[in-house]
2 protein chains.
Amino acid sequence: MGKRKLEHEPLNRNCPIRDVLDRLGDRWTVLIMMTLGDQTLRFSELRRQIVDISPRMLAQTLRHLEQDGLVLREVYPTVPPRVEYSMSDLGHSFYEHLQPMVQWADKHHDEVRQARASYIAQEAYQAL
Amino acid sequence: MGKRKLEHEPLNRNCPIRDVLDRLGDRWTVLIMMTLGDQTLRFSELRRQIVDISPRMLAQTLRHLEQDGLVLREVYPTVPPRVEYSMSDLGHSFYEHLQPMVQWADKHHDEVRQARASYIAQEAYQAL
DNA sequence: CTGAATCCGCTACGATACTG
DNA sequence: CAGTATCGTAGCGGATTCAG
């Protein structure tokens, strides 16, 4: 994936910040973090709360979060199996910084939507 | 893009928060916002600072940011043409909330990297 | 119940060439 | 200078099926 032409550029694709933040890029990470909060939830509970996620993506995203040390995965070897997910300390600290962004999005999404709408309108006008 | 099967679920894909936050998902939005800061930069200046971005992606991402009302685009009809980009008030307000996240990423990326490494190690161990 | 495995479409992204 | 137009690709993500 790299080209590693650059060595000490501040904020390019090889940059560690990208490395962490790219996880936010995928469709489900933020959603799962927000759903989890400070609860402990089982796989199926998460599935129920995030209605339109497929088991594949839920498992995959949880796996990534676990790899990054943001989420803890506790397996109870019972029958039927029982797996509980919760956020680690690192996850919580990340969550703290995530929440303001989500709140911002919630607060300003009307403005964003309006901006998009008026942009489209303006485009249509200029097409005449 | 949707299937709009659900109407009033709280945090699903039709949710306004997703609507805004999805922009963070793409490869360049955060990078451009951080590069722009409170400066006013021309297209080529942005290109120079974000070394490994193609003109296509720069234009496209700037277009999206403009559509969302986060970035202002000022065109000076001179020869040669001159276009300046800067952040809007909305953009600045977003930026304020973005920065803590980036700082978090910067501060903790070592822990994340370590978590990933030890995860892989553990995996390899269990494969025996 | 908790996933893993498979198949596959879509589109985000990259490289390049070209235009006003 | 500031972008578009075009083409090609990788991999994300969805649906479905199967397994421990």
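Here is the naming used below: chain letters follow the sequence lines, and residue numbers restart at 1 for every chain.
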Open item on the list: Reading DNA chain D from 5' onward, which residue's closest nucleotide shows up sooner: B/Arg48 or A/Pro81?
Closed with: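 In this pair, the answer is B/Arg48.
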TODO: Could you tell me whether A/Arg47 contacts a base, only the sugar-phosphate backbone, or nothing, with contacts defined as non-hydrogen atoms closer than 4.0 Å?
DONE: nothing
Using atom [atom1] of [X] as one end and atom [atom2] of [N] as the other, report the distance to the nearest whole Å.
{"X": "A/Arg27", "N": "D/dG11", "atom1": "CZ", "atom2": "C1'", "value": "14 Å"}
{"X": "B/Ile53", "N": "C/dG14", "atom1": "CD1", "atom2": "C1'", "value": "11 Å"}
{"X": "B/Glu74", "N": "D/dA2", "atom1": "CD", "atom2": "C1'", "value": "15 Å"}
{"X": "B/Asp52", "N": "C/dC13", "atom1": "CG", "atom2": "P", "value": "13 Å"}
{"X": "B/Trp28", "N": "C/dC13", "atom1": "CH2", "atom2": "C1'", "value": "9 Å"}
{"X": "A/Leu31", "N": "D/dC12", "atom1": "CG", "atom2": "P", "value": "18 Å"}
{"X": "A/Tyr85", "N": "C/dG3", "atom1": "OH", "atom2": "P", "value": "3 Å"}
{"X": "B/Tyr76", "N": "D/dG3", "atom1": "OH", "atom2": "P", "value": "13 Å"}

Any side-chain heavy-atom pair of [X] and [Y] under 4.5 Å:
{"X": "A/Tyr85", "Y": "A/Leu62", "answer": "yes"}
{"X": "A/Leu41", "Y": "A/Gln49", "answer": "yes"}
{"X": "B/Glu66", "Y": "B/Leu72", "answer": "no"}
{"X": "A/His109", "Y": "A/Arg113", "answer": "yes"}

Nearest to the side chain of [X], heavy atoms from C-beta on, is which of [options]?
{"X": "B/Asp26", "options": "D/dA2, C/dC13, D/dT4", "result": "C/dC13"}
{"X": "A/Arg42", "options": "C/dT2, D/dA2, C/dC13", "result": "C/dT2"}
{"X": "A/Ser44", "options": "C/dC1, C/dC13, D/dA2", "result": "C/dC1"}

Task: Most 5' of A/Arg73 and B/Pro55 on DNA chain C, judged by nearest nucleotide - done: A/Arg73
Identify all pairs in which a protein N or O lies below 3.5 Å from an N or O of nucleotides 6-9 of chain D, and state each distance.
residue: D/dT6; atom: O4; partner: B/Arg56; partner atom: NE; Å: 3.2

Run the salt-bridge test on [X] and [Y] with the 4.0 Å N-O cut-off and return the result as yes or no.
{"X": "B/Asp52", "Y": "B/Arg27", "answer": "no"}
{"X": "B/Glu84", "Y": "B/Arg82", "answer": "yes"}
{"X": "A/Arg116", "Y": "B/Asp19", "answer": "yes"}

